[in-house]
Enquirer: 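Can you keep this structure in mind? I'll have questions shortly.
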Amino acid sequence: MERVPLVAAANVSERLAQPPALAISTVIFALRPSVSSGRPTLWLPLVKRIREPFKGLWALPGGPLTQAESLLDAAARNLQDTTGLAPSYLEQLYAFGGLHRSPSQRVVSIVYWALVQSTEAEQAEESENVQWFRADGLRELAFDHNEIVKYALWRLRNKMEYGPIAYHLLGEKFTLAQVREVYEAVLNRSVDPANFRRQLKQTAGIEPTDEFLQGGKHRPPRLYRYSGTNNHLVKTHLLEQPLMERAGPPGHPPPTL
């Protein structure tokens, strides 16, 4: 019978007795043009890990939680340090604390998600180790970050169904076609333009301005603004098709602590 060295057994026992480490991770969504079609698509920045575990793999921006920061402050600092972004929409997504999500010490990650406008995303800092990727076609990421992104996409798509979250991806003024492009990018499917336009104009909080988008070849479209609050719900039939069950993404129920 093979014996486990006493020192190794003691190290394992000590590690198991340690409390889990706390970390902050962030999922940042923005619209960027598709490389192939040029149409707006959903992207997010990732950071290449330069040390073990998972050295060389891409991961969500994140880091340990310090004693002197609130959760929100830590998430905002992390975004600023890695991407130079300071998004106005930053919300806690979920806590991920699976027993085996880290091969070393157990780590519980408090995950935040952010939405930034395309003009903000263009100003984001990029380098060899910080780059943007399509959200719907990610390669293998470090830790359980593929599952985190999948859960964040599910949350975003569900919020598109019943709230005004789409306008956080747009500027102060926008055309109705630009709103439709946001929905199509997030849902990753086409939406009927005529029906969408008709229903959107009936949505509370959408107000026409006296301005028009200039620079196109055709008649310039009118610009609109969103003047509502989170209490103004987007009509669910804008999406024409139901989304996913609210209990969790198909095959992936909400993670447990």
Side-chain angles (χ1 to χ4, degrees), residues 15 17-30 42-51 53-54 58-102 104-117 119-121 123-127 129-132 135 141-160 162-170 172 226 228-231 246 248 254-257:
R15 187 165 65 247
Q18 293 177 350
L22 288 177
I24 295 290
S25 295
T26 50
V27 184
I28 315 159
F29 290 128
L42 203 60
W43 294 65
L44 77 166
L46 297 174
V47 178
K48 182 182 288 186
R49 289 189 58 81
I50 59 175
R51 61 177 65 89
F54 302 109
W58 294 90
L60 294 168
L65 178 67
T66 68
Q67 295 281 359
E69 291 178 300
S70 69
L71 296 176
L72 183 61
D73 288 344
R77 173 190 54 79
N78 179 262
L79 288 179
Q80 181 65 43
D81 290 347
T82 55
T83 66
L85 294 172
S88 58
Y89 184 90
L90 182 61
E91 179 185 358
Q92 190 174 133
L93 176 68
Y94 213 86
F96 292 78
L99 292 175
H100 306 294
R101 59 188 305 269
S102 174
S104 53
Q105 180 185 6
R106 185 183 180 189
V107 178
V108 175
S109 289
I110 312 299
V111 180
Y112 278 74
W113 64 313
L115 301 179
V116 296
Q117 300 172 13
T119 52
E120 294 178 274
Q123 305 301 318
E125 299 173 3
E126 290 192 71
S127 66
N129 295 324
V130 180
Q131 295 181 19
W132 287 76
L141 303 181
F143 303 103
D144 56 353
H145 290 187
N146 288 90
E147 296 301 315
I148 294 176
V149 173
K150 188 177 297 183
Y151 186 77
L153 280 169
W154 170 81
R155 175 75 69 85
L156 175 60
R157 286 164 178 163
N158 271 273
K159 281 209 165 190
M160 292 280 284
Y162 64 85
I165 196 170
Y167 304 105
H168 291 282
L169 293 167
L170 293 165
E172 179 183 359
Y226 180 74
T229 66
N230 289 335
N231 294 324
R246 296 193 186 280
T256 56
L257 293 178

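This one's a predicted model, so the numbers in the text were calculated from it and none came from an experiment.
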Enquirer: Looking just at side-chain N and O atoms, do Ser109 and Arg101 make a donor-acceptor pair shorter than 3.5 Å?
Expert: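 Side-chain D/A pair, Ser109 to Arg101: present.
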Enquirer: Please tell me if the side chains of Leu99 and Arg106 come closer than 4.5 Å, counting only heavy atoms from C-beta onward.
Expert: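 SC-SC contact between Leu99 and Arg106 confirmed.
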Enquirer: Please report the shortest heavy-atom distance between Val116 and Pro87, naming the atom on each side.
Expert: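 Val116 and Pro87 have their closest heavy atoms at CG1-CB, 3.4 Å.
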Enquirer: So, taking the atom named CZ in Phe29 and the one named CG in Leu42, what distance separates them when rounded to the nearest 0.5 Å?
Expert: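 The CG atom of Leu42 is 5.5 Å from CZ of Phe29, to the nearest 0.5 Å.
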Enquirer: When rounded to the nearest 0.5 angstrom, what is the spacing between OG in Ser102 and CZ in Phe54?
Expert: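 Ser102 OG to Phe54 CZ: 7.0 Å, rounded to 0.5 Å.
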Enquirer: Can you check side-chain contact (heavy atoms from CB on, under 4.5 Å) on Val130 and Glu125, steps first, answer last?
Expert: CA-CA 8 Å; Val130 180; Glu125 299 173 3; over 6 Å; no
Enquirer: Between Val108 and Gly97, what is the shortest heavy-atom contact and its length?
Expert: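 Heavy atoms only, the tightest pair is CG2-CA, 4.1 Å.
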Enquirer: Rounded to the nearest 0.5 Å, how far does CD1 of Ile165 lie from CE of Met160?
Expert: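 So the gap between those two atoms works out to 8.0 Å.
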Enquirer: Closest approach of Leu79 and Ala114, non-hydrogen atoms and distance?
Expert: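 Of all heavy-atom pairs spanning Leu79 and Ala114, the closest is CD1-CB, 4.2 Å.
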Enquirer: Got Phe143 and Val107 here, is their nearest side-chain heavy-atom distance under 4.5 Å?
Expert: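 Not in contact.
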Enquirer: Hey, are the side chains of Gln92 and Val111 touching, using non-hydrogen atoms and a 4.5 Å cut-off?
Expert: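 Side-chain contact under 4.5 Å: no.
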Enquirer: Hey, mind stepping through Tyr89 and Trp113 against side-chain contact (heavy atoms from CB on, under 4.5 Å) and telling me if it holds?
Expert: CA-CA 8 Å; Tyr89 184 90; Trp113 64 313; 3.7 Å; yes
Enquirer: Is the shortest side-chain heavy-atom distance between Leu60 and Leu44 below 4.5 Å?
Expert: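 Counting from C-beta outward, Leu60 and Leu44 do come under 4.5 Å.
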Enquirer: Starting at CG of Leu115, measure out to CG of Leu170 and round the result to the nearest 0.5 Å.
Expert: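 Reported to 0.5 Å precision, the distance equals 10.5 Å.
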Enquirer: Any side-chain heavy atom of Leu93 within less than 4.5 Å of one from Arg155?
Expert: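 The answer is yes; the side chains approach within 4.5 Å.
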Enquirer: Using only atom types and a distance under 3.5 Å, with no angle test, would you say the side chain of Gln105 pairs donor to acceptor with the backbone of Gln18?
Expert: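 No, because the side chain of Gln105 does not come within donor-acceptor range (under 3.5 Å) of the backbone of Gln18.
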Enquirer: Between atom CD1 of Ile148 and atom CG of Leu153, what is the distance when rounded to the nearest 0.5 Å?
Expert: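 Answer for the CD1-CG pair, Ile148 versus Leu153, is 12.5 Å.
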Enquirer: So which heavy atom on Ile24 is nearest to which on Ala75, and how close?
Expert: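 Minimum heavy-atom contact is CG2-CA, 3.7 Å.
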Enquirer: At what distance, to the nearest 0.5 angstrom, does NE2 of His168 lie from CG of Leu90?
Expert: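 Atom-to-atom, His168:NE2 and Leu90:CG are 11.5 Å apart.
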Enquirer: If only atom types and distance count, is the side chain of Arg49 paired as donor or acceptor with the main-chain N or O of Pro53 below 3.5 Å?
Expert: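 Yes.
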Enquirer: Suppose we screen for side chain to side chain donor-acceptor pair (under 3.5 Å). Which residues come up paired with Asp73, at least two apart in sequence or across chains?
Expert: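 In terms of side chain to side chain donor-acceptor pair (under 3.5 Å), with neighbours along the sequence ignored, Asp73 is linked to Ser70.
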Enquirer: Counting N and O atoms only, with roles assigned by atom type, does the side chain of Thr26 sit under 3.5 Å from a partner on the main chain of Pro61, one being a donor and the other an acceptor?
Expert: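 Judged by distance alone, yes, a pair lies under 3.5 Å.
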Enquirer: Heavy-atom distance under 4.5 Å between the side chains of Tyr112 and Ser25, does that happen here?
Expert: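 No, their side chains stay 4.5 Å or more apart.
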Enquirer: Heavy-atom distance under 4.5 Å between the side chains of Glu172 and Tyr226, does that happen here?
Expert: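 Glu172 does not reach Tyr226 side chain to side chain.
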Enquirer: Please report the closest heavy-atom contact between Ile28 and Pro45, naming both atoms and the distance.
Expert: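 For Ile28 versus Pro45, the nearest heavy atoms are O-CD, 3.2 Å.
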Enquirer: Test side-chain contact (heavy atoms from CB on, under 4.5 Å) on Leu156 and Trp154 and set out the steps.
Expert: CA-CA 6 Å; Leu156 175 60; Trp154 170 81; over 6 Å; no
Enquirer: Should Glu91 and Lys159 be marked as a side-chain contact (heavy atoms from CB on, under 4.5 Å) after you check the CA-CA gap, both sets of side-chain angles, and the distance that decides it?
Expert: CA-CA 12 Å; Glu91 179 185 358; Lys159 281 209 165 190; 3.1 Å; yes
Enquirer: Using atom types as modelled and distance alone, determine if a side-chain donor or acceptor of Gln123 lies under 3.5 Å from a backbone N or O of Glu120.
Expert: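 Not a single qualifying donor-acceptor pair exists.
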Enquirer: What closest approach, in Å, do Leu65 and Ala74 show between heavy atoms, and which atom pair accounts for it?
Expert: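 Heavy-atom minimum between the residues: CD1-CB, 3.7 Å.
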Enquirer: If we only count heavy atoms from C-beta on, is the Trp132 to Glu126 side-chain gap below 4.5 Å?
Expert: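 Answer yes - side chains close enough.
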Enquirer: Output yes when a side-chain donor or acceptor of His145 lies under 3.5 Å from a complementary backbone atom of Ala59, and no otherwise.
Expert: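 Looks like no, no N/O pair under 3.5 Å.
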Enquirer: Return yes if some donor-acceptor pair links the side-chain N/O of Asn129 with the main-chain N/O of Val47 below 3.5 Å, else return no.
Expert: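 Such a contact is absent between Asn129 side chain and Val47 backbone.
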